[in-house]
J.: 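Take this structure, written in structure tokens, and hold onto it; I'll ask about it next.
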Amino acid sequence: MKLFIVESPTKAKSISKYLGKDWIVKATLGHIKDLPERSLGVDPKTLEPKYVWLKGKKKLVENIKKIAKNAQKIYLGTDPDREGEAIAYFLKEELSRVNGRIYRAMFYEITKNSILKAVQTAKDIDLNLVHAQFARRVLDRLIGYKLSPLLWKELTTKGLSVGRVQSPALRLIVEREKQIQSFKKKKYYYIKVDFEKDGVSFSAVFQQRFEKPSNAEPYLKKLKDTMFVVNAVKKEKSISDPPKPFNTASLQSEGSKKLNLSVSEIQKIAQKLYEEGYITYPRTDSYRMNQEKAQEFIAFIEKNYGKEYVGKLRNFREGRLSQSAHECIRPTSLRKKPKEGIELKLYLLISSRTLASLSSPAIIEKTYVSLNPITDEALEFFAEGEDLLFDGWMKIYGKEWEGKKLPELTQGDILKPKRIYIEERETQPPPRYTEGSLVKTLERLGIGRPSTYATIVKTLKQRGYVAVEKGHLKPTEIAFKVVDYLMEKFPSLMDYSFTANMEDMLDEIEEGRKDWKLITKEIYRKVLHEYTQE
DNA sequence: CAGTGAGCGAGCTTCCGCTTGACTT
């Protein structure tokens, strides 16, 4: 009998099928050890971390140990990334007491081939990766547990928190709010002319905007009772490429927008769909898709929509920080879907997005028309229209076409205006973040991981830093104070590229070029630098 | 005798990242 260990019980089930009878597959349910919650858990001098059992995990590992005792070989198949390597490390530390034949198996998708290959090519644990996890963990702990108490004292409020991820996230929200507060709305005016031709109405606007309606009046007088002539018509084809398939960030933002739910609710439903076998792993930063599956989906498109709707599997550049242990989020099969309710709705969003990503581009024709009043050629008016020549992926994704088509116009056409008037508009402040747009921004900046996006939002709410108002995130007064304080005392931590810089350092540890304790100390000192100078 | 203050100990918030099931109400 051989033993295979993974993180997720759902994965354990599928892998168990591939490996067959003389294998036992067990799941750790994520990390098994972590720093203690109620103390720092890091020696301030040596930076030596004190990892302790997570709740319930001692018992779980003891059970695995009993099986390990009698196993011919033990394969550690935790996720092929920094965190997964750390889990494997602690597993080995425990299991090697009863059995020395322990190997590290790496796989990037759950298919029979890749699992068998992982077993054949299994090697030893990569200590560099483990040390990078220590560095990441210790740094996050030091920042969180050393800086938070400074806030309690400074702002005499208990329960406030500072973190490598949450504090820059809060800064985004607070800075947006400041922009909104200082935004001065400005009115502006333009001259608009309504026409109608062949029963289709359209409008043209004057080349110039005005700050005051009185500035537009003289022009308006000139235009009284005049006819217009079409001076030029330009047509341009443009291509609208299909969207990428979903990863966690885009599923959370698109899902919460379309189904009107919070990002945590979306994540919860996705997790359920995953456990019930409807979709692939829901915590991923990757857009990769299994080749054979993509072929299967493309065949489905051809059969149900026709050849002209078939696109191709594209290779997307993964973000530099992407650790890519999993594929994109897609249906496991198109033959199996949930029966009803919100689960079905999210499933259908995922399946249509997946198919759309593999279908053909939409083709749009843009028309630009310029017109003059017959009485004055120097006054130019512009009209624009869009026509959908081919819907492509939009049909499959169910995206409604919003473009407006112009009537057929040719140079020299004479038109009688239906109405000439001044329209008032106002410049708009930038919008507040929604949960979804915040998650997308965090992903773009490389702040946080797919497994934590939803919790980041939750933490900011729990700390009383943000409130949800009409679906948008509004910072509270204490949030302003916290961000102002941190910006003054710890500017390098609040820099949006802090995480990216930290990742660079972790890369060096992973490649074995730097000692993890030295680097961790260096970064932490840099964060504290300005503060301790006083 | 009442009020004051020093000294001491107990009880305390907090991080990010990996994963769900086993608890209680």
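As the structure is a computational prediction, the values presented were derived from the model and not from experiment.
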J.: Select one nucleotide: of dT20(B), dC18(B), dC16(B), the one nearest the side-chain heavy atoms of Arg283(A).
T.: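 From the listed options, dT20(B) comes nearest.
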J.: Looking at dT14(B), I'd like to know if its phosphate oxygens (OP1 or OP2) sit under 4.0 Å from a side-chain N or O belonging to Arg38(A).
T.: no
J.: Can you find a side-chain donor-acceptor pair between Ser8(A) and Tyr274(A) that sits under 3.5 Å?
T.: yes
J.: Nearest whole Å is fine: how far is dC16(B) P from Leu142(A) CG?
T.: 13 Å
J.: For Tyr145(A) and dT13(B), what is the distance between atoms OH and P respectively, to the nearest whole Å?
T.: 10 Å
J.: List the steps, then state whether salt bridge (Lys or Arg N to Asp or Glu O under 4.0 Å) holds for Glu62(A) with Lys65(A).
T.: CA-CA 5 Å; Glu62(A) 287 302 330; Lys65(A) 227 190 240 176; 3.6 Å; yes
J.: Reckon Arg449(A) has a side-chain N or O less than 4.0 Å from the OP1 or OP2 of dC18(B)?
T.: yes
J.: Taking 4.0 angstrom as the limit, do Glu94(A) and Lys33(A) come out as a salt bridge?
T.: yes
J.: Could you work out which one of dT14(B), dT20(B), dC16(B) sits closest to the side chain of Val165(A)?
T.: dC16(B)
J.: Any non-hydrogen side-chain atom of Asp126(A) less than 4.5 Å from a side-chain atom of Arg104(A)?
T.: no
J.: Kindly point out which of dG17(B), dC15(B), dT20(B) is positioned nearest to the side chain of Thr10(A)?
T.: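 Given the options dG17(B), dC15(B), dT20(B), the side chain of Thr10(A) is closest to dT20(B).
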J.: Given dC18(B), dT13(B), dG17(B), identify the nucleotide with an atom nearest to the side chain of Asp34(A).
T.: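 Taking heavy atoms from C-beta onward, the closest nucleotide is dG17(B).
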J.: Need one value for Thr459(A): base, sugar-phosphate or nothing, where a base atom within 4.0 Å counts as base even if backbone is also close, heavy atoms only.
T.: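 Thr459(A): backbone/sugar contact only, no base atoms under 4.0 Å.
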J.: Asp140(A) has a side chain; which of dC16(B), dC18(B), dT13(B) sits nearest to it?
T.: dC16(B)
J.: Considering every strand and a 4.0 Å limit on heavy-atom distances, what is the contact class for Gly84(A): base, sugar-phosphate, or nothing?
T.: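 Here Gly84(A) touches no strand at all.
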J.: Just compare dC15(B), dT20(B), dC16(B) and give me whichever is closest to any side-chain atom of Gln271(A).
T.: dT20(B)
J.: From the list dC15(B), dT20(B), dC16(B), which nucleotide is the closest neighbour of the side chain of Ser8(A)?
T.: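 Shortest atom-to-atom distance from the side chain points to dT20(B).
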J.: Expressed in angstrom and rounded to an integer, what is the separation of Lys268(A) atom NZ from dG21(B) atom P?
T.: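 To the nearest whole Å, that distance equals 14 Å.
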J.: What is the distance, rounded to the nearest whole Å, between atom CZ of Phe90(A) and atom P of dG17(B)?
T.: 17 Å
J.: Assuming nearest nucleotide by heavy-atom distance, tell me which of Leu160(A) and Pro450(A) is located more 5' along DNA chain B.
T.: Leu160(A)
J.: Find which nucleotide of DNA chain B each of Ser451(A) and Leu40(A) is nearest to by heavy atoms, and output the residue with the more 5' nucleotide.
T.: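 Mapping each residue to its closest nucleotide by heavy atoms, the 5'-most match is Leu40(A).
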J.: To the nearest angstrom, how far is Lys13(A) atom NZ from dT20(B) atom C1'?
T.: 12 Å
J.: Would you indicate which nucleotide in dC16(B), dC18(B), dT14(B) comes nearest to any side-chain atom of Arg164(A)?
T.: dC16(B)
J.: dT20(B), dC15(B), dG17(B): which one has an atom nearest the side-chain heavy atoms of Tyr274(A)?
T.: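 Closest of the options to the side chain of Tyr274(A): dT20(B).
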J.: NA contact type, Pro149(A), heavy-atom cut-off 4.0 Å: base, sugar-phosphate, or nothing?
T.: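 Pro149(A): base contact, heavy atoms under 4.0 Å.
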J.: Over all strands shown, is Leu151(A) touching base, sugar-phosphate only, or nothing at heavy-atom distances under 4.0 angstrom?
T.: nothing
J.: On the side chain of Arg137(A), is there an atom forming a donor-acceptor pair with the base of dC15(B) - under 3.5 Å, no angle test?
T.: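 In this structure, the two groups form a donor-acceptor pair.
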J.: Whether Ser161(A) contacts dC15(B) is assessed here as follows: a side-chain N or O lying under 4.0 Å from the phosphate OP1 or OP2. Is that the case?
T.: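 The answer is yes; a side-chain N or O of Ser161(A) sits under 4.0 Å from OP1 or OP2.
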J.: Could you work out which one of dG17(B), dT13(B), dC15(B) sits closest to the side chain of Arg136(A)?
T.: dG17(B)
J.: Could you check how far CD of Gln267(A) sits from C1' of dG17(B), rounded to whole Å?
T.: 14 Å
J.: Is the closest basic N to carboxylate O distance between Glu254(A) and Lys258(A) below 4.0 Å?
T.: yes
J.: Would you classify Glu37(A) as touching base, sugar-phosphate or nothing, given that sugar-phosphate means primed atoms plus P, OP1 and OP2, and contacts are heavy atoms under 4.0 Å?
T.: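 Since a base atom lies under 4.0 Å of Glu37(A), the category is base.
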J.: Could you state the interatomic distance from OH (Tyr524(A)) to CG (Leu147(A)), rounded to the nearest 0.5 Å?
T.: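 It comes to 5.5 Å.
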J.: Contact class for Gly163(A) (heavy atom, under 4.0 Å): base, sugar-phosphate, or nothing?
T.: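 The residue Gly163(A) makes sugar-phosphate contact but no base contact.
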J.: Please confirm whether the shortest side-chain N or O distance from Gln133(A) to OP1 or OP2 of dG17(B) is below 4.0 Å.
T.: no
J.: Rounded to the nearest angstrom, tell me the gap between atom CD in Glu503(A) and atom C1' in dC16(B).
T.: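 Interatomic distance, CD of Glu503(A) to C1' of dC16(B): 12 Å.
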J.: Rounded to the nearest angstrom, tell me the gap between atom CG in Leu35(A) and atom C1' in dC15(B).
T.: 9 Å
J.: Check the side chains of Glu443(A) and Asn247(A) for a donor-acceptor pair under 3.5 angstrom, ignoring hydrogens and angles.
T.: yes
